[in-house]
Structure formats: structure tokens, C-alpha cells
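Each remark here refers to the structure printed beneath this line.
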Amino acid sequence: MTDVTNWAGNVSFASALQRPGSVGELQELVATSEKLRVLGTGHSFNRIADSAGTLVSVADLPQVIEVGERGVTVSAGLRYGEITAALEAQGLALHNLGSLPHISVAGACSTGTHGSGDTNGPLADAVNAITFVDASGELVTLTRDDPDFAGSVVSLGALGVTVSLTLDVQPSYQISQVVYDGLPVERLASDFDDVMGSAYSVSAFTDWVDPDVMVWRKQRGHEPIETSWLGAKVADGPRHPIKVMPADYATQQGGMPGPWNERLPHFRLEFTPSNGDELQSEYFVPRERAAEAFDILRALGNQFTPVLQVSEVRTIAADELWLSPSQSRDTVALHFTWIQDEAAVRPVVTALEEALDPLDVRPHWGKVFAADAALLRARYPKVPDFIALAAKYDPAGKFRNPYLDTYLPS
């Protein structure tokens, strides 16, 4: 048996991977399994997808990309890079994308993956209908007008196996991407609204020690290039988020407009960046507490230095999905790409969470964190409702695993 691991290689899964070739095969597999979990493209950094029972992929289900009245219906195992290219060919677009086009649609939505932008909700916010196989093997379809819908999209795999999602679409648009070097770190706090509101999607990269911040601005249409902006200067060439890495994997910069699907991600679909040499954590704080968070992170900067590759700051508009990190509040996302040394990273993560705790911080479900079930229940107020919803579609706990038993105990 070939070992099955996650994308980073820090998690080896307990079971062989089953790959049903039809929805009927998937339904039978679910109905006859005592325990079952779904593995997407493996871009989580903890054991959220692990199972001692059946481990299943939906990547081999028939591929579906169908545009209809409700938007585009896509099969769950497709990667964003695949569906966005197909949409662009039809003159259509999604509202936003994450930094990687390599991630599966269902996996990204079920864990709260997001891009950036003051007016952009997470990727799951574009979902208007979902079809999944429940614990009995039956197909269930929920739409936005269903009372269960808000708990079903960012679901951590606890309700069933997603088969397809229907996403809101809009007319295609162009994005121009411009990178700025040398934004004084103090201005990230003092001019936060100006920085993050300067384009449709904005990311700021820092290590919290360097006095300079690198900012990636992704504007709809053509962005006139300002050679100097808030003390920063336009980059003199392409950049990678990690300064020492080559920029070959990054999407087109320099202000040249191009299709939305080729500019909104940070990385190109044809490359696989930094596979197997990192861990990740991410924390979400209310937007109005961004400056406080930055002060805390700068104070911790010297503790980060031995284990941090880069930190990214993004903004997310509020949504109403129960387990979404931006549920009911405009949010600042604080992302950390660590070295792949869990023993060294864990103490830093613990110290970071303790320092951010007064800011009502929420950890990302699919990354490395130290929070316990009590804290998660306090920070994600819809957790009790979600646990009841999961029991409705999975009364015997078929989709539960040690991760869910630890962090979302029934």
C-alpha cells in the first residue's frame, strides 16, 4: 500500500484511499462503511481529513461544469484552476479566488478558504446550492433558502460527502497586479484602510521584524502604476511572497491586465509551489482590531524569526456561514507560513494564540493551531447549532473522527 499524505507531507493518513468512479459507487461506499472521511487535494495541515475507517476521494467522479440559471454547478473534486479556466472561456467569472488554484472546490469551501478584498467574502460565500451524500448513502441537496444551508457549506466534512456545488457567477473581468516594496510596517496599521482598500484584492507580506512590508495589489481593470505609494515603491521585477524564493511560480505582475483567473491567485496552476517544506497557521480577528493585532505580532517578531518563512495579511467581508472564520464580522486574516518542524513551531503557535486571545481571535480549521474545544465553541458562536445539524445528517457519527471528537465534541 502506498502511503497517503497531505500536500505538505506532515500528515500520513491511516487508511488507503478509495476513489469511486460514479456517484452510485460513492453512495454504496458511504452506506456500507462504518467510518468514513473525505480527502480533497490535501491542503490542510492537521488531521481534519484522517480516518481509521474508509478514506475517500471524489476526484474520479464524472467531471461536471454546467452553467445554468443559478450559476455554475461543478463536481466537488475539481480544482479551482480547472473550473475557472472553463468559466473564463464562456465569458464568466467567480467573485474571488484563493492564493492557490490547485485546491479542490469542495475541500476549499468546507474549510473556509478565502482570498482577499474588503468587499469579498470567502470562497464558500459564492455557493448557492450543495449536494452531498449523507450517512445513509442518500443524496441531499440544499439551497440558500433552506434553513440548514448556512451550516452545510463550511462543514469540515461532518455532514457527508459533497458531490457538487453551485456557485454564483458574474461576467468575466480583467485584473492587473502590481507589487510594491518597502511599505513602512507602521503604515500597515496607521493607514490600514488605505492599504487594504487600494485595490479589489490586496495582500501584505511581512515577517514582523523587517521594517518594510511587500504589498500585492490586484485591481479590476487597469491599475495605473504609482511609482511611489505610502512610502513604498513599485517593485523593479516580479516577486514571490517569500523574498528568497524565485518568482517563476507567481502570477503575472507589473500591472499588465489579464483574465481574473490568471491574476487573482498568487501562483500559477502549472506549477506546484513549496510542496512539502512548510506548515501553516492562520488566525482571524475583527477588522476593527487590526492595529492591536499588528502591535502584538511586532512584539513577538523575534520569537517568529527562527521558524517563520512569511506572514500574509488579508481582509475578508462578513458572511453568515456558521463555521466560517468571517461569520458575522468583517475580518482581518493573519496567515503564517512556518518551516516544516512541528516541534519548533508548536511553542510559537501557543504563544501567538495566547497573545492574540484578547482580540476574539478565531483559528483556521484546517491549519496548525493550539486552541481547545471550549475556546472554539466560544469563538465560533454557531458551533452548538452545527453539532446538532451534523447529528441530523449523521446520527451515528459515521463521518466523525478524532479531530471532530476533540474540537467539536457532540
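Predicted, not measured: the structure shown is a model, and the values here were computed from it. The figures here come from the full heavy-atom set of this structure, side chains too, leaving out hydrogens, waters and symmetry mates.
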query: Can you tell me how far the OG atom of Ser198 sits from the NZ atom of Lys218, to the nearest 0.5 Å?
result: 12.5 Å

message: Please tell me whether Trp365 and Tyr407 form a close aromatic pair, meaning their ring centres lie under 6.0 Å apart.
response: no

field: Lys/Arg N to Asp/Glu carboxylate O, Arg287 vs Asp118, below 4.0 Å
entry: yes

- line: Only residue of Phe205, Phe267, Tyr180, Tyr200 satisfying ring-ring contact (aromatic ring centres under 6.0 Å, His included) with Trp216 is Phe205

Non-hydrogen atoms of Leu26 and Pro20 that approach each other most closely: N-CB, 3.8 Å

- prompt: For Pro101, does its backbone N or O pair with a side-chain atom of Arg268 as donor and acceptor, under 3.5 Å?
  reply: no

statement: Taken to the nearest 0.5 Å, the spacing of Phe399 CZ from Lys35 NZ works out to 10.5 Å

Heavy atoms of other groups near Glu25 CD, more than 12 under 6.0 Å: yes

- request: May I have the step-by-step check of side chain to side chain contact (heavy atoms under 4.5 Å, CB included) for Arg362 and Arg329, ending in yes or no?
  value: CA-CA 11 Å; Arg362 295 172 178 171; Arg329 69 189 198 190; 3.5 Å; yes

query: Can we call the ring centroids of Phe369 and Tyr283 under 6.0 Å apart?
result: no

query: Cation-pi between Arg47 and Tyr403: NZ/CZ under 6.0 Å from ring centre and within 45° of the ring axis?
result: no

query: Would you call the rings of Tyr393 and Phe132 parallel, tilted or perpendicular if under 30° counts as parallel and over 60° as perpendicular?
result: perpendicular

task: Output, in order, the C-alpha distance, side-chain angles, deciding distance and verdict of ring-ring contact (aromatic ring centres under 6.0 Å, His included) for Trp208 and Phe294.
output: CA-CA 8 Å; Trp208 303 108; Phe294 300 158; 5.6 Å; yes

- prompt: Could you go step by step and tell me if Ser326 and Thr331 meet the side-chain hydrogen bond (donor to acceptor under 3.5 Å, both in side chains) rule?
  reply: CA-CA 6 Å; Ser326 48; Thr331 294; 4.9 Å; no

- prompt: Looking at Phe45 versus Trp338, is the centre-to-centre ring distance below 6.0 Å?
  reply: no

